[in-house]
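This report concerns only the one structure given below.
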Amino acid sequence: MPELPEVETVVRSVRPHLVGKRIVAADLTSPHVTPGNRGALAKRLVGRTIQSVTRRGKFIQIALDAGFLTVHLGMTGKLLISGAVETHTYGVFTLDDGVLLYHDPRQFGTIEWSPQVHPRVARLGPEPLEITLEEFRARLKRKTKMKSLLLNQTFLAGVGNIYADESLFAAGIHPLASAEKLSKVRAEKLWAAIRGILAHSIELGGSSISDYVDAEGKKGWFQVEHRVYGRDGEACAQCGGPIRKTLVAQRGTHFCPVCQKR
DNA sequence: GACGATGTTGGCAC
DNA sequence: GGTGCCAACATCGT
């Protein structure tokens, strides 16, 4: 589900319900989502006050008056500020005013506490909406395929499968194109495409592919703007030829063989 | 019912 | 530092 625009949307929707609230109870029930001693984690959280909720890459950082609660939604994670406890609800945070639920059928997501900024967050590359063109170009100097590089969170933080495919299409770059051989002009096109697409998606509340919703249960609408992702066999919006789907870096990769050159 | 695919990441072998 | 492959897990479509 969640790439940068979806996580940003979740953060914006959950923030006003959390900041300033105190955690009075935490019920954690998945060894995958909350590895280690869950009882000890719950105990550590009780009594803490939430100071801020921010996004870094695809991570949600909840700053407490002692340490950080870092949430990654994995493929199917959801944070909800209301609703019932269901089969795949693996976190229930009772607040002095309200509740925060974590729901994650596949349990690829994680909720972890750390005294400082989480090491997984510390390792992330720059934010795509903040990086300068100069720095972006400098970071392209790697012997790898563009699709793989865009998925690498140490290159840029927050781009996933959907936005990698959409950005490459918008810039007219083949997913297998070599990163280090990208021309100056095409590098700038890609830099601008990533920014434009992520920003536009945030405006539309992200992409709701299967059942993605924000913390208040609202769907996003950027999926209707997808030009290649999930459009295998459909006509390309630019040339009318068929969009193709292949496998790159073990991930389904959608592109237009006519509009995207290596 | 079996099989393959799904928005993510990490570990392993090479 | 790369790539390729597999792993975690549940659900849905063919």
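Naming: A, B, ... by sequence-line order, numbering from 1 per chain.
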ask   = Could you state the CG-P distance from A/L149 to C/dG2, rounded to the nearest angstrom?
value = 8 Å
key: Separation between the P atoms of B/dC3 and C/dC6, rounded to whole Å   = 16 Å
task = Taking only the side-chain heavy atoms of A/R251 (C-beta and beyond), determine which of C/dC5, B/dG7, B/dG10 contains the nearest atom.
result = B/dG7
request  = Find the distance A/I209:CD1 to B/dG7:C1' and express it as a whole number of Å.
outcome  = 7 Å
query = Nearest-Å distance, CG (A/L151) to P (C/dG2)?
reply = 14 Å
query = How many angstroms lie between CZ in A/F222 and CD in A/E166, if you round to the nearest 0.5 Å?
reply = 6.0 Å
ask   = How long is the line joining CD of A/E6 and C1' of B/dT6, in whole Å?
value = 14 Å
key: Minimum-distance nucleotide (side-chain atoms of A/F108 versus C/dG4, C/dC9, B/dG7)   = C/dC9
query = So, is A/T144 near the phosphate of C/dT3, with a side-chain N or O under 4.0 Å from OP1 or OP2?
reply = yes
query = From B/dT9, C/dC5, C/dA10, pick the nucleotide closest to the side chain of A/Q250?
reply = C/dC5
ask   = Are A/L151 and A/V228 connected in a single hydrophobic cluster, I mean Ile/Leu/Val/Met/Phe/Trp/Tyr linked by side-chain heavy atoms less than 4.5 Å apart?
value = no
request  = Report yes if at least one side-chain N or O of A/K78 is closer than 4.0 Å to OP1 or OP2 of B/dG7; otherwise report no.
outcome  = no
ask   = Given C/dG2, is OP1 or OP2 found less than 4.0 Å from the side-chain N or O atoms of A/K141?
value = no
request  = Check whether the aromatic ring of A/Y212 stacks on the base of B/dG7, taking stacking as ring centres less than 5.5 Å apart and planes within 30° of each other.
outcome  = no
ask   = Do A/H118 and A/F59 make the cut of ring centroids closer than 6.0 angstrom?
value = no
key: Length of the line joining A/D232:CG and B/dG4:P, which is rounded to integer Å   = 18 Å
task = Hey, could you give me the CZ/OG1 distance between A/R15 and A/T54, rounded to the nearest 0.5 Å?
result = 7.0 Å
ask   = In whole Å, what separates the P atom of C/dC5 from that of B/dG4?
value = 15 Å
request  = Taking only the side-chain nitrogens and oxygens of A/H32, find out if one of them lies under 4.0 Å from OP1 or OP2 of C/dC9.
outcome  = yes
message = Under 4.0 Å, heavy atoms only, any strand: does A/Y163 hit a base, just the sugar-phosphate, or nothing?
response = nothing
ask   = Counting side-chain heavy atoms from C-beta on, which of C/dG4, B/dT6, B/dT8 comes nearest to A/P2?
value = B/dT8
message = Would you say that more than 12 heavy atoms from the other residues, nucleotides or ligands in this model lie under 6.0 Å from the CZ of A/R195, or not?
response = yes
request  = Using atom CZ of A/R120 as one end and atom C1' of B/dT9 as the other, report the distance to the nearest whole Å.
outcome  = 7 Å
request  = Measure from the side-chain heavy atoms of A/H88 and tell me the nearest of C/dT11, B/dT6, B/dT9.
outcome  = C/dT11
query = Nearest of B/dT6, B/dG7, C/dG4 to any side-chain atom of A/E3?
reply = B/dG7
message = Measuring from the side chain of A/K58 (C-beta onward, heavy atoms only), which nucleotide among B/dG10, B/dG7, B/dT9 has the closest atom?
response = B/dT9
remark   = Checking C/dG4, C/dG2, B/dT9 against the side chain of A/R142 (C-beta onward), the nearest is C/dG2
message = Ignoring hydrogens and geometry beyond distance, is the side chain of A/R106 in donor-acceptor contact with the base of B/dT6 at under 3.5 Å?
response = yes
ask   = Among C/dC9, C/dA10, B/dT9, which nucleotide sits nearest the side chain of A/P105?
value = C/dA10
key: Between B/dT8 (C1') and A/Q153 (CD): distance, integer Å   = 8 Å
key: Pair assignment for C/dG13, Watson-Crick or G-U wobble, requiring both distances under 3.5 Å   = B/dC3
Nearest atoms (heavy-atom pairs only) where A/E3 meets A/N161 = OE2-N, 3.2 Å
message = Testing A/E130, A/E127, A/E8 one by one against A/R56 for a salt bridge (Lys or Arg N to Asp or Glu O under 4.0 Å), which residue passes?
response = A/E127
ask   = With a 4.0 Å cut-off on heavy atoms, is A/G109 in touch with a base, just the backbone sugar-phosphate, or nothing at all?
value = nothing
request  = May I have the distance from A/D104 (atom CG) to B/dG7 (atom P), rounded to whole angstrom?
outcome  = 15 Å
ask   = Considering only side-chain heavy atoms of A/Q107, which listed nucleotide, B/dT8, B/dT6, C/dA10, is closest?
value = C/dA10
